[in-house]
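Computed from heavy atoms alone, side chains included, the values below leave out hydrogens, waters and symmetry copies.
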Amino acid sequence: MSEVKLENVVKIYDTKRVIDNINLTIADKEFVVLVGSSGCGKSTILRMVAGLENISGGNIYIGDKKVNNVHPKDRDIAFVFQSYALYPHMTVYENIAFGLKMRHVSKDEIDEKVMEAAEILNLTEYLDRKPKQLSGGQRQRVALGRAIVRKPKVFLMDEPLSNLDAKLRVQMRAEIKKLHEKLQTTFIYVTHDQTEALTMGDRVVILDKGKIQQADTPLEVYNNPNNKFVAGFIGSPQMNFIDCDIINNTLIMGKEPVIELSKSIIEKLGNRKNVVIGIRPENMIVMSGRIKLSVVIEMTELLGSEQIIYFNIGQNMCCARISSTNKYENNIQLNLDSDKFLYFDSKTGERLI
């Protein structure tokens with residue numbers, strides 16, 4: 001069993017609570033991605049699981065064993081760092097084998113495990129090279145190989161692709177996912193890149209200010225965010241947020257009455273007089289949209305087959321994702337589908353509908 005469980009975990013630096021009562025269970029063989037902006041606490045959580053940071057409160061379990069006071073080397077985990085952390089004077093073979101040598105594993109067993117890992121990671125022809133003779137992607141594979149040979153219960157990865165260029169990151173994302181499928185081991189992966197989170201994780205854990213905002217499948221956090229923070233963090237370009245008033249059960253958007261709200265929606269909104277409407281850029285111009293708004297295009301970004309157009313609705317800057325084959329002048333009519341609206345509390349940011 002490689003289940004990892006965090007139970008009411010707290011981390012305090014000086015007087016600042018950087019991890020605030022985290023509860024999270026990561027199932028055996030699950031690939032979970034911790035994602036959030038810088039300073040949200042994701043790397044701190046990873047380091048506490050590894051034993052590189054002491055916890056200030058709560059409990060951490062790996063399998064059925066509480067590891068609060070267990071030394072990192074005895075936790076049966078492997079940590080892959082952002083910086084690769086390879087020994088420059090050692091060959092690829094020696095780097096991969098280093099941890100096994102420290103555990104006094106026999107030479108024959110070391111050779112067998114290193115060759116197995118090298119084959120999995122397509123490193124066989126590079127075993128005699130030094131790190132300086134390798135590309136960034138190859139160095140990252142060596143770091144993964146060093147983790148693989150130990151056959152740990154849990155793999156911990158702290159932004160392992162952030163030093164790679166865009167093309168190589170895409171390639172390595174696929175390789176890490178394949179590696180997880182081959183090894184059938186629990187992976188906990190930290191990133192600030194939401195694309196990595198959505199494409200790699202079985203489950204995505206979104207953090208802000210030391211708290212879990214939502215933990216769910218990538219599709220669920222995209223389609224059904226718990227709050228305005230999650231809705232804005234996941235998706236590129238981010239979700240549009242439009243401040244709206246409700247007058248006589250009618251939704252006012254950009255000073256224009258756009259739709260009469262049903263009785264059930266009014267009840268769910270609790271008779272609020274204003275809300276924030278969230279709508280994805282790809283849902284701003286749809287053929288079936290019943291709500292029509294005329295806006296002035298402020299800026300256009302061409303992205304190959306797509307383009308992003310920017311415009312204002314009231315005081316809110318918004319954008320729409322459309323095909324680059326569509327040509328517009330300065331003015332455009334939006335066709336919005338109210339079924340795609342998400343309703344958020346204008347003060348707390350909590351999802352209402």
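- Looking at heavy atoms from C-beta onward, T300 lies in side-chain contact with I297 at the 4.5 angstrom threshold.
- With a 6.0 Å radius and a threshold of 12 heavy atoms from other residues, nucleotides or ligands, Q184 has its CD atom above the threshold.
- Of the residues V142, N95, N163, the one that meets the side chain to side chain contact (heavy atoms under 4.5 Å, CB included) test with Y84 is N163.
- Within a 6.0 Å radius of CD in E350, other residues, nucleotides and ligands contribute more than 12 heavy atoms.
- Donor-acceptor pairing under 3.5 Å is recorded for the side chains of Y126 and Q138.
- Residues I247 and K273 fail the side-chain proximity criterion, which asks for heavy atoms closer than 4.5 Å.
- Residues F98 and V92 fall into different hydrophobic clusters, defined by Ile, Leu, Val, Met, Phe, Trp and Tyr side chains chained together at heavy-atom separations under 4.5 Å.
- A side-chain donor-acceptor contact under 3.5 Å links K42 to the backbone of G36.
- Annotation for A147 and A78: closest pair CB-CB, 3.6 Å, computed over non-hydrogen atoms.
- Between the side chain of R321 and the main chain of S236, a donor-acceptor pair closer than 3.5 Å is present.
- A distance of 12.5 Å separates CD of E220 from CD1 of I234, quoted to the nearest 0.5 Å.
- One finds the CG atom of D243 at 13.5 Å from the CD1 atom of I252 (value rounded to the nearest 0.5 Å).
- V10 and V49 fall into different hydrophobic clusters, defined by Ile, Leu, Val, Met, Phe, Trp and Tyr side-chain heavy atoms under 4.5 Å apart, directly or through other members.
- Of all the heavy atoms in P237 and P281, the pair that sits closest is O-CG, 3.7 Å.
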Checklist entry - Are D337 and N283 close enough, and set up right, to give a side chain to side chain contact (heavy atoms under 4.5 Å, CB included), and what steps lead you there? => result CA-CA 7 Å; D337 186 350; N283 295 325; over 6 Å; no
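- No side-chain heavy atom of T185 sits under 4.5 Å from any side-chain heavy atom of V154.
- Around NZ of K292, the count of heavy atoms belonging to other residues, nucleotides or ligands within 6.0 Å exceeds 12.
- A heavy-atom distance below 4.5 Å is found between the side chains of I45 and I19.
- Side-chain atoms of Q213 and N227 include a donor-acceptor pair closer than 3.5 Å.
- We find that D345 and R272 are joined by a salt bridge, their nearest charged nitrogen and carboxylate oxygen being less than 4.0 Å apart.
- Counting only N and O atoms by type, the side chains of S324 and Q307 include no donor and acceptor under 3.5 Å apart.
- Between N312 and M317 the shortest heavy-atom distance is OD1-CA, 3.5 Å.
- Among all heavy-atom pairs drawn from T250 and P257, the shortest one is CG2-CB, 3.8 Å.
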Next on the checklist: Run V80 and D158 through side chain to side chain contact (heavy atoms under 4.5 Å, CB included) and show every step you take.
Outcome noted: CA-CA 6 Å; V80 179; D158 191 4; over 6 Å; no
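- V276 and I353 fall into different hydrophobic clusters, where Ile, Leu, Val, Met, Phe, Trp and Tyr side chains are chained together by heavy-atom contacts under 4.5 Å.
- Salt bridge K65/D74: absent, no basic N to carboxylate O contact under 4.0 Å.
- Taken from CD1 in I285 to CD1 in I322, the straight-line distance is 4.5 Å, to the nearest 0.5 Å.
- At a cut-off of 3.5 Å, with distance as the only test, a side-chain donor of Y189 or E196 sits close to an acceptor on the other residue.
- Side-chain contact between I188 and F31: absent, with no pair of heavy atoms (C-beta onward) separated by less than 4.5 Å.
- Between the K66 side chain and the I60 main chain, no donor and acceptor come within less than 3.5 Å of each other.
- Under 3.5 Å, the side chains of N240 and N316 contain no donor-acceptor pair of N or O atoms.
- Although no hydrogens or angles enter the test, the distance criterion places no donor-acceptor pair under 3.5 Å between the side chain of S346 and the main chain of V275.
- A side-chain donor from one of N59 and N68 sits under 3.5 Å from a side-chain acceptor of the other.
- Put simply, the side chain of Q238 never gets that close to the backbone of G235: no donor and acceptor are under 3.5 Å apart.
- Ring pair F229/F233 is parallel by interplanar angle, where below 30° counts as parallel and above 60° as perpendicular.
- The cationic atom of K268 (NZ for Lys, CZ for Arg) does not lie both less than 6.0 Å from the six-membered ring centre of Y343 and within 45° of the ring axis.
- Using cut-offs of 30° and 60° on the angle between ring planes, the pair F81 and F79 is parallel.
- Formation of a donor-acceptor pair under 3.5 Å by the Q214 side chain with backbone atoms of N224 is found in this model.
- Between R290 and S338, some side-chain heavy-atom pair lies under the 4.5 Å cut-off.
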Next on the checklist: Evaluate R141 against E175 for side chain to side chain contact (heavy atoms under 4.5 Å, CB included), listing each step before the verdict.
Outcome noted: CA-CA 9 Å; R141 288 207 296 270; E175 289 189 19; 3.1 Å; yes
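- Inspection of the R129 and T91 side chains reveals no N or O donor paired with an N or O acceptor under 3.5 Å.
- More than 12 heavy atoms of other residues, nucleotides or ligands lie within 6.0 Å of CD in Q333, so this atom counts as buried by the packing criterion.
- Look at K177 and E181 and you find no salt bridge, because none of the NZ, NE, NH1 or NH2 atoms lies under 4.0 Å from a carboxylate O.
- The CD1 atom of I277 lies 10.5 Å from the CE atom of M239; values are rounded to the nearest 0.5 Å.
- Of the possible donor and acceptor atoms, none in the side chain of R47 sits under 3.5 Å from a partner among the backbone N and O of E53.
- Annotation: the span from I206 atom CD1 to S37 atom OG amounts to 11.5 Å, rounded to 0.5 Å.
- A salt bridge is defined here as a Lys NZ or Arg NE, NH1 or NH2 lying under 4.0 Å from an Asp or Glu carboxylate O, and R17 with D20 meets this definition.
- Hydrophobic clustering (ILVMFWY, side-chain heavy atoms < 4.5 Å, transitive): I291 and M253 are in one cluster.
- Expressed to the nearest 0.5 Å, how far OG1 of T44 lies from CG of L52 amounts to 11.0 Å.
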Checklist entry - Taking it one step at a time, do N23 and N8 satisfy side chain to side chain contact (heavy atoms under 4.5 Å, CB included)? => result CA-CA 5 Å; N23 286 281; N8 302 315; 3.0 Å; yes
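- Using modelled atom types, one side-chain atom of T186 and one backbone atom of S2 make a donor-acceptor pair closer than 3.5 Å.
- In this structure, V190 and S43 approach most closely via the heavy-atom pair CG1-OG, 3.7 Å.
- Linking ILVMFWY residues whenever their side-chain heavy atoms come closer than 4.5 Å, directly or via other members, leaves L251 and L342 in distinct clusters.
- At a threshold of 4.0 Å, the pair K5-E7 counts as salt-bridged, since one of the basic side-chain nitrogens sits closer than that to a carboxylate oxygen.
- Scanning both residues, V114 and A97, for their nearest heavy atoms gives CG2-CB, 3.8 Å.
- At distances below 3.5 Å, at least one donor-acceptor pair connects side-chain atoms of R351 with backbone N or O atoms of P225.
- With hydrogens and angles ignored, the 3.5 Å screen pairs no side-chain donor or acceptor of H180 with any backbone N or O of F187.
- Between I308 and L303, the closest side-chain pair of non-hydrogen atoms falls below 4.5 Å.
- Counting heavy atoms from C-beta on, the side chains of K11 and I22 never come closer than 4.5 Å.
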